[in-house]
Amino acid sequence: RVWPMYGVYDVYYIFIFVVALALVYFARTKVKKSEDQTVVTEEFKRFQRSYVVIFLIITAADWMQGPYLYALYDNYGHSTHMIGRLFMLGFGTAGLCSTFVGSLADKYGRKKMCQAFCVLLMLSCITKHSKSFSVLALGRILGGASTSILLSSFESWMVHQHLFLNYPERWMRNTFSIVVSGTGVVAMVSGLFATFLASTFGHVAPFDCALILLLFGLALLTRAWPENFGDSEISVLQTLENAYETIRGDSSIMLLGMSQAFFEAGMYIFVVMWTPTLDGSSSTPVSHGWVFSTFMLCIILGGTLYKQYLALGGTVEKLMLFACAAATISLAIPVLVQDHTIQFMSFCLFETCVGVFWPSASSLRSMYFPEETRASVMATIRVPQNFLIMGVLAVTGQIGHRMVLFMSFLFVASSVVCQWYFIRWTAGESDVIDELGILSDNIDSVGVKEADEIENKTSEGDQEEAV
């Protein structure tokens with residue numbers, strides 16, 4: 001369908017988009033009224049802008065390619081089976097590279113790895129001009145390697161620089177929230193612009209535009225970002241071993257990593273499955289562009305809810321648990337119900353949970369992952385995640401869409417269990433019960449006697465003993 005011609009079926013999806021837009025506007029207005037007016041320095045604002053602007057330019061290049069990657073392969077005449085192999089090759093490369101990309105970043109510099117991301121993804125864009133399966137496979141290998149860098153080195157650079165400049169850690173949450181909301185806006189605009197380019201100039205045009213954005217982002221990154229390292233005194237192999245020992249030796253890091261890996265595995269499977277699921281439950285054509293844009297608005301809404309919740313005094317650990325639980329429910333609904341509207345609404349709920357998950361996960365990593373091996377630990381945790389995704393994609397053509405979506409549900413449900421045990425490990429079971437607002441008469445009765453003793457000591461003026 002030639003852009004921007006719309007059919008009568010688009011009206012339904014445009015209406016849902018407008019409703020989501022109104023919800024985002026309302027939520028952001030409430031945040032501005034209720035959040036505490038934290039005073040930040042002009043120096044921090046410059047640092048924050050230098051990271052956020054460059055990161056969003058680079059991610060815009062990544063989002064520009066997503067909507068038309070499958071369409072490009074299909075336009076070149078490759079079968080669905082061969083296209084599936086290309087995608088598996090990308091995820092497999094990302095999983096393999098995750099074993100050493102973080103170590104290279106900690107050893108030789110995170111800025112250098114971010115520059116390498118731009119170069120690798122530019123080369124991947126160039127391969128899209130060839131119809132040869134071998135050349136396209138090389139492009140997927142380059143794209144998979146760049147993805148492993150995007151998911152670890154950029155965040156590690158920002159967190160290290162933030163702490164190095166002695167900014168308060170609470171300011172970092174604001175940066176994460178801006179990144180998530182900005183990513184939603186960038187993804188939405190990039191998708192619509194890619195549609196215009198593909199319809200006007202052909203399926204390769206979005207990749208050429210992404211190449212230009214990457215060149216621009218690389219130039220800005222090279223000029224504006226200083227270099228920083230993890231533990232640069234040890235070898236790459238030793239860095240990898242230290243990351244493994246860090247994960248194995250600290251149950252909180254292992255549980256947090258497992259929680260995030262399971263959630264992201266379910267999320268990436270959802271990215272593949274939402275299109276055939278909605279197509280299968282609708283008797284009329286689905287406006288994928290408007291559906292995608294609505295999903296991006298839901299991510300922005302989730303980032304806004306994250307900021308609102310913290311402004312009201314909530315904890316990131318609790319919010320992360322609730323987001324994973326809500327996401328689990330949202331994926332269970334389309335497995336059980338085949339109504340198109342209900343499935344669409346449940347997917348919107350899931351994307352809202354993703355908008356909450358991203359800044360929450362980033363905040364928790366900055367709090368619990370050690371600075372000297374941060375990039376290595378993040379990359380190592382994503383190794384099993386990528387192989388989980390590959391395993392599901394390998395059987396996608398052999399089992400039904402509902403079964404694949406059910407596997408996504410199982411992964412996200414597993415993240416709830418891991419996050420629950422993570423909170424128990426870090427805060428103690430009794431603290432978790434209090435934190436979640438679950439009252440227990442038995443616990444109250446056990447504490448009555450001690451509470452009376454403390455009250456008596458307080459009334460006698462012995463404050464230190466009472467405390």
Side-chain angles (χ1 to χ4, degrees), residues 1-4 53-80 82-94 97 113-151 153-154 182-222 268 271-272 275 288-289 291-293 295-296 393:
R1 188 169 58 188
V2 179
W3 189 92
V53 171
I54 293 174
F55 181 77
L56 291 181
I57 290 174
I58 291 173
T59 52
D62 194 42
W63 282 110
M64 190 75 67
Q65 304 173 58
Y68 284 93
L69 190 58
Y70 187 98
L72 179 73
Y73 295 152
D74 183 64
N75 188 59
Y76 283 163
H78 297 290
S79 65
T80 302
M82 298 305 290
I83 293 174
R85 287 191 174 185
L86 287 172
F87 278 100
M88 286 185 60
L89 187 60
F91 281 112
T93 303
C97 291
M113 292 307 296
C114 294
Q115 292 170 320
F117 164 83
C118 295
V119 173
L120 290 173
L121 197 54
M122 283 190 290
L123 293 174
S124 177
C125 291
I126 293 173
T127 63
K128 302 303 184 292
H129 284 270
S130 173
K131 296 182 180 181
S132 169
F133 183 85
S134 299
V135 176
L136 294 175
L138 174 61
R140 289 306 301 148
I141 292 174
L142 295 172
S146 65
T147 298
S148 64
I149 299 175
L150 178 65
L151 297 175
S153 297
F154 283 87
T183 299
V185 174
V186 164
M188 182 173 57
V189 174
S190 298
L192 294 175
F193 189 57
T195 300
F196 166 74
L197 291 175
S199 301
T200 306
F201 304 104
H203 287 91
V204 176
F207 299 92
D208 292 336
C209 183
L211 179 62
I212 296 173
L213 287 174
L214 287 167
L215 280 170
F216 184 50
L218 176 60
L220 291 178
L221 186 156
T222 302
Y268 284 118
V271 168
V272 177
T275 299
H288 298 107
V291 171
F292 177 79
S293 298
F295 286 167
M296 295 305 102
L393 290 179

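No hydrogens, no waters, no symmetry mates; every other heavy atom, side chains included, goes into these values. Everything numeric here is computed off the predicted structure, so don't read it as measured data.
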Problem set entry | Leu56 side chain reached by Trp63 side chain, heavy atoms, under 4.5 Å | no
Problem set entry | Shortest non-hydrogen contact between Ala137 and Leu89, atoms and distance | O-CD2, 3.5 Å
Problem set entry | Interatomic distance, Leu69 atom CG to Leu136 atom CG [nearest 0.5 angstrom] | 9.0 Å
Exercise. If you measure from NZ on Lys131 to NE2 on His78, what distance do you get to the nearest 0.5 Å?
Worked result: 9.0 Å
Exercise. Side chain to side chain contact (heavy atoms under 4.5 Å, CB included) with Phe216: which residues, sequence neighbours excluded?
Worked result: Ile57, Leu220
Seminar exercise, completed: dist Met64:CE -> Thr59:OG1 (nearest 0.5 Å) comes out at 10.5 Å
Problem set entry | Pair Arg85-Met82, side chain to side chain contact (heavy atoms under 4.5 Å, CB included): steps then yes or no | CA-CA 5 Å; Arg85 287 191 174 185; Met82 298 305 290; 4.2 Å; yes
Seminar exercise, completed: Closest non-hydrogen atoms of Ala194 and Pro206, given as atom of the first, atom of the second and distance, are O-CG, 3.7 Å
Exercise. Can you tell me how far the CD1 atom of Ile54 sits from the OG1 atom of Thr222, to the nearest 0.5 Å?
Worked result: 9.0 Å
Problem set entry | Pairs meeting criterion side-chain hydrogen bond (donor to acceptor under 3.5 Å, both in side chains) with involvement of residues 121-130, two or more places apart | Ser124-Lys128, His129-Asp208
For this session: With sequence neighbours excluded, tell me which residues meet ring-ring contact (aromatic ring centres under 6.0 Å, His included) with Phe201.
Result: none
For this session: Could you pull out all residues at least two apart from Phe55 that satisfy ring-ring contact (aromatic ring centres under 6.0 Å, His included)?
Result: Tyr51, Phe154
Exercise. Of the non-hydrogen atoms in Ala61 and Ala210, which two are nearest, and what is the gap between them?
Worked result: O-CB, 3.3 Å
For this session: Could you list the residues that satisfy side chain to side chain donor-acceptor pair (under 3.5 Å) with Gln65, not counting sequence neighbours?
Result: none
Problem set entry | Distance (rounded to the nearest 0.5 Å) between Leu121 CG and Leu142 CG | 9.0 Å
Problem set entry | Atom of Ile58, atom of Cys118 and distance for their closest heavy-atom approach | CD1-SG, 3.8 Å
Problem set entry | Partners meeting side chain to side chain donor-acceptor pair (under 3.5 Å) with Asn75 (sequence neighbours left out) | none
For this session: Please list, chain by chain and in numerical order, all residues satisfying side chain to side chain contact (heavy atoms under 4.5 Å, CB included) with Val119, sequence neighbours excluded.
Result: Met122, Leu123, Leu218
For this session: Begin with the C-alpha distance, continue with both residues' side-chain angles, and end with the deciding distance and a verdict on side chain to side chain contact (heavy atoms under 4.5 Å, CB included) for Val204 and Tyr76.
Result: CA-CA 11 Å; Val204 176; Tyr76 283 163; 3.3 Å; yes
Exercise. Sequence neighbours excluded, which residues qualify as side chain to side chain contact (heavy atoms under 4.5 Å, CB included) partners of Ala145?
Worked result: Thr93, Cys97, Leu120
Problem set entry | Gap separating the OG atom of Ser146 from the CE atom of Met113, nearest 0.5 angstrom | 10.5 Å
